[in-house]
Amino acid sequence: MITTRPRGTNDILPSESHKWQHITQQIHDICALYGFRQISTPAFEHTELFHRGVGEGTDIVQKETYTFEDRGGRSLTLRAEGTAPTARAYLENGLHAAAQPTKLYYIEPIFRFERPQAGRYRQHHQFGVEVFGAADPAVDVEVIALALDFLGRFGLDGLTVRLNSVGCPTCRESYRARLVEHFLPCVEQLCPDCRSRIERNPLRLLDCKEEGCRRLKERAPHMLDSLCGPCREHFVRLRGHLDALGIRYEVDHHIVRGLDYYTRTVFEIIYPGLGAQDAVCGGGRYDGLIETLGGEPTPGVGFGMGLERLILTLEDHGYEFPGPRRLDVFLAAVGQEALARCVVLLAELRRRGVAADTEYTGRGLRKQMKHADRLGARFVAIVGEEELATGRCVVRDMGTGTQEDIALEELAGYIQERCGRAGL
RNA sequence: GUGGGCGUAGCUCAGGUGGUUAGAGCGUCAGGUUGUGGCCCUGAAGGUCGCGGGUUCAAGUCCCGUCGCUCACCCCA
């Protein structure tokens, strides 16, 4: 028997699933409020999509994808992030032909081959939003505001918004040159990783945490100082909107994000209680992505939020999830005849919207009471030979211990009324 | 890919320097109470001590290897 799950994956057990239900309910709710509609994409895509969309040189593509060949010889890759597949679906299904912008959200598993640790898994879940077809910084702000509004619903405080701009391909090129100019004279002081980064992707030098590199990047030129006119204006207006909404943020010159498609706005939302995995949410603008995938030039902006990390954050914060729905009534069935009657009663109770269950394993009444207690049942109705004969049964209120004598015919209606259920 | 910690019952964990039949709490099942939950009492079931090899008269315990889990680094949600 195989008794272990693959590394870095998790079972979501009944004792946990109410948390997920609660969170996803809140997601659907807030997205409707902001005018976003849900999209679901396949668990795997053509490998090419991630290579082109996310970027050949990124860590995700270079070492973190789950890539396999199907029986037809096609190279496929499990969804490694949410934006490229959403962009692909947007293009493929002609959503650009409808009224713009297109505002989408998703809740999907993400797969990345990494060494697991607290807050990082090989399969995790992300809630993400994407807006296609609107370049105005007001949309960037809407996306950030949605994320904060959502997190605020759980009473979270201590969150930090970090903000930066990575410019457009044009101004980034000149910035790249300035960076190389800054780091090149002191290559020997850089860590081995960064020495190779200087040629491949100098921007990534900025988020290296090695001591030596850290000190060098303190004096490195800031991207913001290299922005071209339009990019600078975008950032200024973005900050204006954030200020108008009273959203507090820190400009962090070292945020560059690990995916190639970002342009202009990049941001992260940090919860410091999570150690190295403190980014609960990360996102930004990606005005070149759709074009990269073969579409007409189309601006886009969005974020991804790790739900496992969100749950860790909430637990760290002492958030109390609403409990699962409890049983309204447990039918204690004593004997086969009684069980037969209870099967019918159950159907009627449930038709009336009453959460009901009964005893299927033939235990004695005492055990059934104990069982009902642990299920959290509000009432227990005792149905045995005596009740079948008289047509009346005992209904016990498990909270107060008081009991009433109710006709079997009226049981369902009685429980429905006592529990205030609307019926179907 | 690199480093630390840990693998004993369904769960949480005890098991100095090797020594008979491997324990506890919780949970499960049964009974005390043959028709009444929470508290209490009794009993039972449940173990390849992660796996493989080695040392030894003797290994859960010591050694080597291996697998798994976990935490951290890198990077990310």
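Letters A, B, ... mirror the listed sequences (proteins, then strands); counts begin at 1.
Within the 4.0 Å cut-off from OP1 or OP2 of B/C73, at least one side-chain nitrogen or oxygen of A/Q117 is found. In this model, the phosphate group of B/G68 is not approached by any side-chain N or O of A/R7 to a distance below 4.0 Å at OP1 or OP2. Remark: A/R363 is in phosphate contact with B/C29, judged by side-chain N or O atoms under 4.0 Å from OP1 or OP2.
Ring centers of A/F127 and A/F150: under 6.0 Å apart, within the cut-off.
Summarising the geometry of A/C393 relative to A/L411, their closest heavy-atom pair is SG-CD1, 4.0 Å, with the distance given to 0.1 Å. Of all the heavy atoms in A/I269 and A/L151, the pair that sits closest is CG2-CD1, 3.9 Å. Between A/L224 and A/S165, the shortest heavy-atom contact is CD2-CB, 3.7 Å.
Each of A/A118 and A/R122 was matched to the nucleotide of RNA chain B holding its nearest heavy atom; the match closer to the 5' end belongs to A/A118.
Ion pairing between a basic and an acidic side chain is recognised when a charged N comes within 4.0 Å of a carboxylate O; A/R178 and A/E181 show no such pairing. Salt bridge present: A/R418 and A/D397 bring a charged side-chain N and a carboxylate O closer than 4.0 Å.
Following rounding to the nearest Å, A/Y66 (OH) and B/C76 (P) show an atom-to-atom distance of 18 Å. Taking atom CD on A/E404 and atom P on B/U36, their separation rounds to 20 Å, with Å as the unit. The distance from atom CD1 of A/I270 to atom C1' of B/C75 is 13 Å, rounded to the nearest whole Å. For the pair A/E81 CD and B/C76 P, the interatomic distance rounds to 13 Å; values are reported in whole Å. Taking atom CZ of A/R115 as the reference point, atom P of B/C69 lies 10 Å away to the nearest angstrom. Distance A/E308 CD to B/A77 P: 14 Å, rounded to the nearest Å. The distance from atom CD of A/E359 to atom C1' of B/C29 is 13 Å, rounded to the nearest whole Å. At whole-Å resolution of the value, CD in A/Q403 and P in B/G35 are 15 Å apart.
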message: One pair to check against ring pair (Phe, Tyr, Trp, His ring centres under 6.0 Å): A/F68 and A/Y66. What are the steps and the verdict?
response: CA-CA 7 Å; A/F68 60 98; A/Y66 274 93; 9.3 Å; no

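A/P85 has its side chain within reach of A/F50: a pair of non-hydrogen atoms, C-beta onward, lies under 4.5 Å apart.
Side-chain proximity of A/R309 to the nucleotides B/G35, B/C76, B/C29 is greatest for B/C76. Picking from B/G37, B/C71, B/G35 the nucleotide with the shortest atom distance to the side chain of A/M369 gives B/G37. Side-chain proximity of A/L365 to the nucleotides B/G35, B/U70, B/A30 is greatest for B/G35. In this structure, the nucleotide among B/A77, B/A72, B/C75 sitting nearest to the side chain of A/R112 is B/A77.
Side chain of A/R74 to backbone of A/H46: no donor-acceptor contact under 3.5 angstrom is found. Judged by distance alone, the side chain of A/Y319 and the main-chain N or O of A/T313 form no donor-acceptor pair under 3.5 Å. The main-chain N or O of A/T77 is never found under 3.5 Å from a side-chain atom of A/T65 such that the two would form a donor-acceptor pair.
Ring-base stacking between A/H371 and B/G37 is not satisfied when judged by a centre separation under 5.5 Å and a plane angle under 30°.
Using a 4.0 Å heavy-atom distance criterion, A/E268 is classed as making no nucleic acid contact. Within 4.0 Å (heavy atoms only), A/I110 reaches no atom of the nucleic acid at all. Within the nucleic acid shown, A/G128 has no heavy atom closer than 4.0 Å to any nucleic acid atom. Within the nucleic acid shown, A/E387 comes within 4.0 Å of at least one base atom, counting heavy atoms only.
Nucleotides B/U48 and B/A22 place their P atoms 13 Å apart, quoted to the nearest Å. When the P atom is used for both B/C51 and B/G32, the distance is 40 Å, rounded to whole Å. B/G68 and B/A24 have their P atoms separated by 33 Å, given to the nearest Å.
Under a cutoff of 6.0 Å and an axis angle of 45°, A/R122 and A/F113 form a cation-pi pair.
The one candidate from A/E64, A/E45, A/E108 that meets the salt bridge (charged side-chain N to carboxylate O under 4.0 Å, His left out) condition with A/R79 is A/E108.
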task: Toss me the dot-bracket line for RNA chain B: Watson-Crick and G-U wobble, both under 3.5 Å, 5' to 3', using | for pairs to another strand and [ ] for crossers.
output: (((((((..((((.....[...)))).(((((.......))))).....(((((..]....))))))))))))....

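No hydrogens or angles were tested; on distance alone, nothing pairs the side chain of A/Q368 with the base of B/U36 as donor and acceptor under 3.5 Å. Residue side chain A/Q277 reaches the base of B/C75 through a donor-acceptor N/O pair under 3.5 Å, judged by distance alone.
A side-chain N or O of A/H317 and one of A/D157 form a donor-acceptor pair less than 3.5 Å apart.
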Please list each protein N or O that sits under 3.5 Å from an N or O in nucleotides 38-48 of chain B, with the distance.
from, atom 1, to, atom 2, distance (Å)
B/G38, O4', A/D373, OD2, 3.3

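Within residues 32-51 of chain A, no residue has a heavy atom under 4.0 Å from RNA chain B.
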